[in-house]
Novice: 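Have a look at this one before I ask anything.
Note that the structure is predicted; figures quoted are calculated from it, not measured. No hydrogens, no waters, no symmetry mates; every other heavy atom, side chains included, goes into these values. Position 1 is the first residue of the sequence; numbering continues from there.
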Amino acid sequence: MITYLYWAAVIALVVLSLFAGGRLGSLSKGAIVAAIIFLVGWLAYYFHFEQVFVKRFGGVMYISVPSGQRHLGATWKDDNLWVENYNPETNECIFSEYSKGNLLEGRVVIKNCNPLIEAKERPAIPAR
């Protein structure tokens with residue numbers, strides 16, 4: 001719901017700038033301002049507000065696990081989503097701070113990490 005309100009506000013500002021530009025006799029300047037407002041609104045949503053809206057107000061956000069890795073878990077730290085994956089080829093656990101565009105993204109790599117114990121290595125569980 002908050003996403004709809006955000007986009008309604010951005011579109012209202014775009015329409016307002018077009019209207020104001022037309023009233024002042026310079027529709028081209030109003031169109032330029034409208035394009036800038038829309039671009040800034042879209043970039044702010046894509047790189048920042050989507051994750052904040054999902055965390056604080058609920059919603060849906062889709063991310064994908066990189067090929068060759070297995071997903072282990074995810075957690076929120078403040079407004080940042082941290083995702084834990086395991087790469088069986090390199091035997092590394094990778095904690096990645098999720099951010100679109102990979103801007104200011106943190107990453108922690110734990111070497112020789114094997115969270116997925118193979119069936120032959122598991123201790124036998126006694127029958128009840």
Side-chain angles (χ1 to χ4, degrees):
M1 179 57 134
I2 191 76
T3 303
Y4 297 133
L5 295 175
Y6 174 81
W7 284 112
V10 169
I11 291 170
L13 287 173
V14 167
V15 169
L16 182 65
S17 66
L18 287 172
F19 179 74
R23 296 278 286 170
L24 297 174
S26 180
L27 189 58
S28 62
K29 289 181 183 176
I32 291 171
V33 170
I36 291 171
I37 289 171
F38 182 76
L39 183 64
V40 168
W42 180 76
L43 290 172
Y45 179 78
Y46 184 78
F47 286 107
H48 178 68
F49 287 123
E50 179 183 25
Q51 191 163 307
V52 171
F53 290 164
V54 168
K55 167 76 166 53
R56 294 185 187 171
F57 305 108
V60 178
M61 183 174 73
Y62 296 99
I63 62 174
S64 60
V65 177
S67 63
Q69 295 184 5
R70 294 188 177 134
H71 176 69
L72 297 178
T75 187
W76 292 97
K77 178 65 177 169
D78 297 325
D79 286 333
N80 304 318
L81 178 65
W82 283 83
V83 180
E84 180 184 10
N85 293 328
Y86 172 67
N87 188 344
E89 293 176 2
T90 60
N91 198 26
E92 295 176 338
C93 289
I94 303 159
F95 293 87
S96 300
E97 181 181 12
Y98 177 74
S99 69
K100 289 193 174 178
N102 295 328
L103 296 175
L104 303 174
E105 183 177 272
R107 181 173 296 249
V108 176
V109 177
I110 301 174
K111 298 197 181 285
N112 297 323
C113 171
N114 189 5
L116 304 176
I117 299 173
E118 301 296 325
K120 62 184 177 190
E121 298 175 20
R122 283 192 199 132
I125 299 174
R128 294 181 189 216

Novice: Would a single hydrophobic cluster contain both V40 and I32, if residues Ile, Leu, Val, Met, Phe, Trp and Tyr are joined by side-chain heavy-atom contacts under 4.5 Å?
Specialist: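 Yes, same cluster.
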Novice: If you link I, L, V, M, F, W and Y whenever their side-chain heavy atoms are under 4.5 Å apart, who else ends up in the same group as V108?
Specialist: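 Taking Ile, Leu, Val, Met, Phe, Trp and Tyr as members, V108 shares its hydrophobic cluster with W82, F95, I110.
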Novice: In Å and rounded to the nearest 0.5 Å, what is the CG to NZ distance from N91 to K111?
Specialist: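 Those atoms lie 10.5 Å apart.
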Novice: Given the side-chain rings of W42 and Y46, with only the six-membered ring counted for Trp, is the space between their centroids under 6.0 Å?
Specialist: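 Yes - the distance between ring centres of W42 and Y46 falls below the 6.0 Å cut-off.
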Novice: Which pair of heavy atoms, one from L18 and one from A31, lies closest together, and at what distance?
Specialist: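 Closest approach of L18 to A31: CD2-CA, 3.6 Å.
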Novice: Show your working on side chain to side chain contact (heavy atoms under 4.5 Å, CB included) between Y45 and V10 and close with a plain yes or no.
Specialist: CA-CA 10 Å; Y45 179 78; V10 169; over 6 Å; no
Novice: If you take all heavy atoms of Y86 and E92, which pair is closest and at what distance?
Specialist: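 Heavy-atom minimum between the residues: CD1-O, 3.3 Å.
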Novice: Measuring from T90:OG1 to N87:CG, what's the distance to the nearest 0.5 Å?
Specialist: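 Going from the OG1 atom of T90 to the CG atom of N87 covers 3.5 Å.
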Novice: Kindly indicate whether the side chain of W76, heavy atoms from C-beta on, has any atom under 4.5 Å from the side chain of V54.
Specialist: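 Side-chain contact under 4.5 Å: yes.
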Novice: Is there a chain of hydrophobic side chains (I, L, V, M, F, W, Y, each step under 4.5 Å between heavy atoms) that links L39 to F47?
Specialist: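 Linked within one cluster.
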Novice: If every non-hydrogen atom of H71 is compared with every non-hydrogen atom of G73, which pair is closest and at what distance?
Specialist: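 It is CE1-O, 3.1 Å.
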Novice: Hey, what do you get for CD (Q69) to CD (E89), rounding to the nearest 0.5 Å?
Specialist: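 Reported value, rounded in 0.5 Å steps: 9.5 Å.
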Novice: What heavy-atom pair brings V33 and S17 nearest, and what distance separates the two atoms?
Specialist: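 That closest heavy-atom pairing would be CG1-CB, 3.9 Å.
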Novice: At their closest point, which heavy atom of I37 faces which heavy atom of L13, and how far apart are they?
Specialist: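 Shortest heavy-atom separation between I37 and L13 comes out as CG2-CB, 3.9 Å.
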Novice: Ring centres under 6.0 Å, that's the criterion: do F53 and F49 meet it?
Specialist: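 Between F49 and F53, which both carry aromatic rings, the centre distance is below 6.0 Å.
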Novice: Determine whether W7 and I2 fall in the same hydrophobic cluster, where Ile, Leu, Val, Met, Phe, Trp and Tyr are linked whenever their side-chain heavy atoms lie under 4.5 Å apart.
Specialist: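 Yes: a chain of side-chain contacts under 4.5 Å links W7 to I2.
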Novice: Measure from the side-chain N and O atoms of Y6 to the backbone N and O of G41, and report whether any donor-acceptor pair falls under 3.5 Å.
Specialist: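 At least one qualifying donor-acceptor pair exists.
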Novice: Can you measure from SG (C93) to CZ (R70) and round to the nearest 0.5 angstrom?
Specialist: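 Answer rounded to 0.5 Å: 12.0 Å.
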Novice: Rounded to the nearest 0.5 Å, what's the gap from CZ on R56 to CD on Q51? Could you check?
Specialist: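 So the CZ of R56 and the CD of Q51 are separated by 11.0 Å.
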Novice: As an exercise, state the distance from CD1 of I63 to CG of L81, rounded to the nearest 0.5 Å.
Specialist: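 So the gap between those two atoms works out to 5.0 Å.
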Novice: What is the minimum heavy-atom distance between Y62 and Y98, and which atoms define it?
Specialist: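 In terms of heavy atoms, the two residues are closest at O-OH, 4.1 Å.
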